[in-house]
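These values consider heavy atoms only, across backbone and side chains, with no hydrogens, waters or symmetry-generated copies. Just so we're clear, the structure is a prediction, and the values are computed from it rather than from any experiment.
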Amino acid sequence: MTEAVTTPSPFEPPLTPGKPGGSAAGITAGDIRDGAAVALVTGVAGVLLGLLWAWLAPRAQYVSNGEAVFLRSSESEARIGADGTFFLLSLGFGVLSAVLVFLWRRRGGVPLVVGLVIGSGFAALAGWQLGLWLGPSADVAVAALKAGKGVPFDAPLQLLAHGVLLVWPMAAVAVHLGLTALWSPYDPDPSDTDDPAWAVYPPPHVHGATAPAPSDDPARSNPSAPEPPRA
């Protein structure tokens, strides 16, 4: 069996050669390595989020009467303050990570954004769990026995609004895309290059296939026609 051969149209400009080692979408192995590096470094930064959250989050306090445990102050905003602290820290880390990634690779690209999403999502989860582990004990009954009757003690650190776990990824992607759209270098226009294939249209390979212009001399336009009688 023979394969069908498609003859390129003479009116289409020649295709520019692709980058060696690149795919059809223009994503190279180096781009994938950059995205993996962004995901790894951003994910490790979640440890710092957990440390800061456990240190800066306000503490709610419980008190025991010997039979049950109650909030020391029912009007305390410490429980909501823990969520607000995590929100602000995640927002700051999201903006910072996006700026650092943009300064490292100004051209942007899909692998960098994917790495930023995966790394920041993992960092938010890791920071949350680390903060819970570093905070007061989650066993309230044991903590009440250790504190004694009528003695206030710190309540476990909690994250009531789990939606704040998305703040870091959302902020990082939004800021990075905005920076890339405003200040990333643009690809040069092929028509502005010195390539003669783009400087002349139709391209040079078309000139040789162009049909000759019709002539006023019938003998030249039709070689098989009989010659006219000579006077």
Side-chain angles (χ1 to χ4, degrees), residues 27 30-62 71-140 143 152-186:
I27 299 177
D31 296 333
I32 297 177
R33 287 193 298 268
D34 292 344
V38 169
L40 179 61
V41 175
T42 308
V44 172
V47 176
L48 185 58
L49 172 63
L51 293 173
L52 291 176
W53 185 47
W55 178 38
L56 298 176
R59 297 282 196 274
Q61 287 192 326
Y62 287 159
L71 278 172
R72 184 182 181 186
S73 175
S74 58
E75 299 179 356
S76 175
E77 298 179 356
R79 294 167 65 87
I80 302 177
D83 289 15
T85 303
F86 194 93
F87 174 88
L88 294 177
L89 289 173
S90 299
L91 182 62
F93 275 104
V95 174
L96 180 61
S97 58
V99 172
L100 292 178
V101 170
F102 174 74
L103 294 177
W104 181 50
R105 290 290 186 268
R106 285 180 174 269
R107 68 178 182 273
V110 175
L112 290 179
V113 176
V114 173
L116 197 57
V117 171
I118 295 176
S120 56
F122 176 80
L125 292 174
W128 171 39
Q129 294 300 318
L130 181 61
L132 296 180
W133 181 70
L134 294 176
S137 174
D139 195 340
V140 179
F153 60 95
D154 290 338
L157 193 59
Q158 293 181 344
L159 194 63
L160 301 179
H162 291 166
V164 297
L165 294 173
L166 300 176
V167 173
W168 189 338
M170 294 176 64
V173 172
V175 173
H176 184 267
L177 292 180
L179 293 175
T180 304
L182 291 176
W183 289 294
S184 64
Y186 294 96

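In terms of heavy atoms, Leu134 sits closest to Gly50 at CD1-O, 4.4 Å. The two residues Ala57 and Leu157 come nearest to each other via the heavy atoms CB-CD1, 3.7 Å. When all heavy atoms are compared, the tightest approach of Ala161 to Val164 is O-CG2, 3.0 Å.
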message = Run Asp34 and Arg107 through side-chain contact (heavy atoms from CB on, under 4.5 Å) and show every step you take.
response = CA-CA 12 Å; Asp34 292 344; Arg107 68 178 182 273; 3.3 Å; yes

Criterion side-chain contact (heavy atoms from CB on, under 4.5 Å) on Leu130 and Trp53, from CA distance to verdict = CA-CA 9 Å; Leu130 181 61; Trp53 185 47; over 6 Å; no

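Contact check for Leu125 versus Gln129: no side-chain heavy atoms found under the 4.5 Å cut-off.
Here CG of Leu40 is found 12.0 Å from CD1 of Ile118. Values are rounded to the nearest 0.5 Å. If you take CG on Leu103 and CG on Leu179, they are separated by 8.0 Å, rounding to the nearest 0.5 Å. In this structure, CZ on Phe86 lies 4.5 Å from CG on Leu49, to the nearest 0.5 angstrom. Atom CG of Asp83 and atom CG of Leu88 lie 11.0 Å apart (nearest 0.5 Å). Put simply, CG on Leu116 and CG on Leu100 are 10.0 Å apart, with the number rounded to the nearest 0.5 Å. If you take CG on Leu165 and CE on Met170, they are separated by 12.5 Å, rounding to the nearest 0.5 Å.
Judged by distance alone, with hydrogens and angles left aside, the side-chain atoms of Trp168 form no donor-acceptor pair with the main-chain N or O of Gly119 at under 3.5 Å. Although no hydrogens or angles enter the test, the distance criterion places a donor-acceptor pair under 3.5 Å between the side chain of Ser97 and the main chain of Gly94. Arg106 contributes no side-chain N or O that, together with a main-chain N or O of Trp104, makes up a donor-acceptor pair within less than 3.5 Å. Checked by atom type and distance alone, the side chain of Asp31 never pairs as donor or acceptor with a backbone atom of Pro111 at under 3.5 Å. Counting only distance, with no hydrogens or angles, the side chain of Ser120 and the backbone of Val117 share a donor-acceptor pair below 3.5 Å.
The aromatic rings of His162 and Trp128 sit tilted relative to each other, their planes meeting at an angle between 30° and 60°.
Within 6.0 Å of CZ in Phe102 there are more than 12 heavy atoms belonging to other residues, nucleotides or ligands.
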